[in-house]
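Some notes on the structure that comes next.
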Amino acid sequence: MSNNNIDRRNFLKVLSTGTAAASTGLLYGCGGDPKRQGVSQTGSYLGEVPTDKMTYRTNPHTGDKVSLLGYGCMRWPLRQKADGSGEEIDQEAVNALVDYAIAHGVNYFDVAPVYVRGLSEQATGLALSRHSRDKYFIATKLSTHRPVPEWRTLEGSKGLFEQSLKNLRVDYIDYYLIHGVGLGGMDDLRKRLYDNGVLDFLLKERKAGRIRNLGWSFHGDVKVFDYLLSLDIPWDFVQIQLNYVDWKNASGWNVNAEYLYGELEKRNIPVVIMEPLLGGRLSRLNALSLAKLKQMRPDDSPASWAFRYAGSPKGVLTVLSGMVYMEHLQENIRTFSPLEPITEQENKALEEVTERMLHSDFVPCTECQYCMPCPYGLDIPGTFAHYNRCVNDELVAKSSQDANYREARRAFLVGYDRKVPKLRQAGHCIGCDKCVPKCPQGIKIPEQMRKIDQYVEQLKQETL
């Protein structure tokens, strides 16, 4: 792998300005007050949200003009059911977000049968079906990375595919992915695709036109990545995790994006990017890192920097973002309308930010929810998210002698109880380890939960 690495200067050579293409349509509001379009939750004006400046990349195999900003449909807005029996997807909010995205040039929507408790495909399909079929590309997945026995048979995989067509209200899938290859190594790949004849089935569906582009998303064993690229199969695209931290410093089940992107670029395989914000961590920088970036681009958010980085390599077809709030959608549209690629000077600044992050106490959780549901009801991603935010804000005390100890103590304990219900906090983890093999980042979850619980107890007892 080291022989194939792309150094920083070579990364800059693959930056592309992209091309802006026109897109027209009505300006749709969100589920709230339409007068607040372009206004952040703090009341500050976000600026114009262009309808005709989106950057597009052309798929070299099909000629599809794909928006560089792709809509990841892993986290749709939720609301309480009318009968109080739990939560459901807020379909009106989803419709508004999808309408606004299409009106502003976004045309790639990424779902999976397992997203949002199995409801994402239906909600996305309903929202998209209100638009002409030529206005969007739909991507969904064969989610047999989940060890559900009935899914892993040929009939089960066929059933998942047919159900996706039904849920999405379409006759064909534009971009169909084998979900999460690499998570179980080569043995798992054989069980999922070869021993049961599923790969042959997928290739036949592509030939028949019900799958227009066939690819896979990757996490895990790099041997699986290399093996799939060695096959005499013309893969249409591949989805990888790429951001400015993972370019050379991937952890857990991930592999340096420098290597993954380089291998795909050599084969002229379009790349779809997931986790451009590293689970939101790159949108929440500490004061020193934020000040560094603000010196160069005062009006840009940390998230905008991360999205520009992910979209800069010329082989990237689209960058996925799971946008639950209208203001996030608006900001991301502005970032890609049009894209301003990362410069060499900016890349050096991001390297400094990366170095600072690598020496912090973050738990490398991307809040992907793959560890959920916990059999004992714990909110694992919520616990890690709160801890990471406090690390980022320098509100994790090392000692009671710290100058900001009282502020840090109150912020952590009060915020913890507000964000995570007491019965779902780290102290209730029994260390069953059932979550560990599900984590794409390779986090030793029970160990991290014990560490956080010990810290909480030290704060409560004031024994730090």
Side-chain angles (χ1 to χ4, degrees), residues 15-40 44-60 62-73 93-110 124 127-139 174-175 270-273 276 297-301 303-343:
L15 302 185
S16 170
T17 58
T19 57
S23 172
T24 60
L26 297 175
L27 186 66
Y28 293 86
C30 63
D33 183 357
K35 295 179 181 178
R36 289 187 57 81
Q37 289 183 20
V39 180
S40 74
S44 60
Y45 184 60
L46 289 173
E48 178 190 1
V49 184
T51 60
D52 59 352
K53 293 182 172 61
M54 175 60 66
T55 300
Y56 292 87
R57 295 277 169 79
T58 301
N59 184 328
T62 62
D64 293 345
K65 291 188 180 301
V66 178
S67 58
L68 190 52
L69 173 61
Y71 213 126
C73 307
V94 172
N95 290 351
L97 289 165
V98 167
D99 291 349
Y100 193 93
I102 290 177
H104 290 76
V106 177
N107 65 9
Y108 188 98
F109 295 82
D110 173 86
T124 307
L128 288 173
S129 68
R130 298 154 54 251
H131 295 269
S132 173
R133 185 65 177 91
D134 62 357
K135 293 293 185 183
Y136 61 89
F137 301 111
I138 190 72
D174 296 289
Y175 290 82
V271 184
V272 174
I273 302 303
R297 296 176 71 96
D299 296 331
D300 285 12
S301 69
S304 177
W305 278 80
F307 282 117
R308 289 176 55 228
Y309 183 95
S312 289
K314 63 182 181 181
V316 170
L317 185 65
T318 191
V319 179
L320 300 178
S321 176
M323 298 165 283
V324 180
Y325 302 107
M326 182 63 75
E327 73 174 72
H328 295 163
L329 173 58
Q330 290 172 331
E331 180 183 1
N332 292 347
I333 290 169
R334 291 174 65 221
T335 296
F336 289 99
S337 298
L339 172 75
E340 295 182 29
I342 293 290
T343 66

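One is the number of the first residue; the rest follow in order along the sequence.
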(Q) Using side-chain heavy atoms (C-beta onward) and a distance below 4.5 Å, is L339 in contact with F307? (A) no

Q. Does a side-chain heavy-atom distance below 4.5 Å link R334 with P50?
A. yes

Q | Residue that, paired with Y56, satisfies side-chain contact (heavy atoms from CB on, under 4.5 Å) out of N107, L68, L69 | A | N107

Q | Charged N-O contact under 4.0 Å between R133 and D174 | A | yes

Q: Enter the distance from N332:CG to E327:CD here, rounded to the nearest 0.5 Å.
A: 10.5 Å

Q) If we only count heavy atoms from C-beta on, is the L128 to K135 side-chain gap below 4.5 Å? A) no

Q: Give, for atom NZ of K65 and atom CG of L317, the distance between the pair rounded to the nearest 0.5 Å.
A: 11.5 Å

Q) To the nearest 0.5 Å, what is the distance between OG (S321) and CD1 (I273)? A) 13.0 Å

**Q.** Residues that D64 engages under side chain to side chain donor-acceptor pair (under 3.5 Å), provided they are two or more places apart
**A.** T62, Y175, R212

Q) Got a second to check how far M323's CE is from Y100's OH, nearest 0.5 Å? A) 11.5 Å

(Q) Donor-acceptor pair, distance only, cut-off 3.5 Å: does the side chain of R130 make one with the backbone of D99? (A) no

Q. If every non-hydrogen atom of D300 is compared with every non-hydrogen atom of S304, which pair is closest and at what distance?
A. OD2-OG, 4.0 Å

Q) So, for C73 and T124, which heavy atoms are closest and what is the spacing to 0.1 Å? A) CB-OG1, 3.7 Å

Q. Between E340 and R297, is there a side-chain N and carboxylate O pair less than 4.0 Å apart?
A. yes

Q: Of all the heavy-atom pairs spanning W305 and I342, show the shortest one and how long it is.
A: O-CD1, 4.1 Å

(Q) Using 0.5 Å steps for rounding, measure from the CZ atom of F336 to the OG1 atom of T318. (A) 7.5 Å

Q. So, for P60 and P270, which heavy atoms are closest and what is the spacing to 0.1 Å?
A. CD-CG, 3.6 Å

Q) Looking only at heavy atoms, which two atoms of R308 and P341 are closest? And how far apart? A) NH2-O, 3.3 Å

Q.
How close do A101 and F109 get, counting heavy atoms only, and between which atoms?
A. CB-CZ, 4.3 Å

